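Heads up: the structure comes next, in structure tokens.
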Amino acid sequence: MQKAWRQLNVPQCGFCQTGQIVQAAALLMDNPKPSHDQIREAMSGNICRCGCYQRIENAVHLASTGV
């Protein structure tokens with residue numbers, strides 16, 4: 001997860017990173033190959049005050065491919 005996060009330059013301010021990464025890792029443990037819709041749904045409870053949702057979604061998807 002962290003590799004994908006860095007590769008896609010997800011963080012902006014860093015405030016939400018810990019919660020986002022933990023939630024994303026939990027999602028991938030339950031569903032190793034989630035669709036983009038499943039990623040959005042699973043991550044919807046975490047608020048990113050910088051609005052990096054698309055980059056977060058893309059990083060979760062990238063991590064699911066085994067980066």
Side-chain angles (χ1 to χ4, degrees):
M1 183 57 59
Q2 291 175 356
K3 276 186 178 181
W5 222 256
R6 285 189 305 269
Q7 186 174 339
L8 296 182
N9 296 313
V10 172
Q12 195 164 340
C13 78
F15 186 78
C16 71
Q17 280 189 86
T18 306
Q20 296 283 1
I21 290 172
V22 169
Q23 181 65 32
L27 166 63
L28 294 182
M29 286 178 63
D30 290 341
N31 181 359
K33 299 289 181 189
S35 68
H36 281 276
D37 287 337
Q38 291 170 321
I39 294 169
R40 278 191 296 275
E41 182 179 336
M43 300 301 291
S44 67
N46 291 329
I47 297 172
C48 173
R49 61 190 206 182
C50 298
C52 297
Y53 298 110
Q54 189 64 45
R55 292 191 303 218
I56 292 166
E57 179 183 332
N58 290 337
V60 176
H61 184 264
L62 182 62
S64 75
T65 64
V67 168

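Keep in mind the model is a prediction, meaning the values are calculated, not measured.
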Would you mind reporting whether R55 and Q12 have side-chain heavy atoms less than 4.5 Å apart?
yes
What one should report as the nearest heavy-atom pair of C48 and Y53 is N-OH, 2.8 Å
So salt bridge (Lys or Arg N to Asp or Glu O under 4.0 Å) across residues 5-21, not counting sequence neighbours, yields none
Contacts satisfying salt bridge (Lys or Arg N to Asp or Glu O under 4.0 Å) that involve residues 58-67 (not counting sequence neighbours) are none
By salt bridge (charged side-chain N to carboxylate O under 4.0 Å, His left out), R40 pairs with (sequence neighbours left out) D37, E57
dist N9:CG -> C52:SG (nearest 0.5 Å) comes out at 10.5 Å
Taking distance alone, no hydrogens or angles, what donor-acceptor pairs closer than 3.5 Å link side-chain atoms of residues 60-67 to residues at least two apart or in another chain?
from	atom 1	to	atom 2	distance (Å)
S64	OG	H61	O	2.6
T65	OG1	L62	O	2.5

Residues passing the side chain to side chain donor-acceptor pair (under 3.5 Å) test with N58, sequence neighbours excluded, are Q54
Only pairs under 3.5 Å count here: list side-chain donor-acceptor contacts from residues 13-31, not counting sequence neighbours, and write none if there are none.
from	atom 1	to	atom 2	distance (Å)
Q23	NE2	A42	O	3.3
N31	OD1	K33	N	3.4
N31	ND2	Q38	OE1	3.2

Hits for side-chain contact (heavy atoms from CB on, under 4.5 Å) against E41, two or more places apart or cross-chain, chain-then-number order -> none
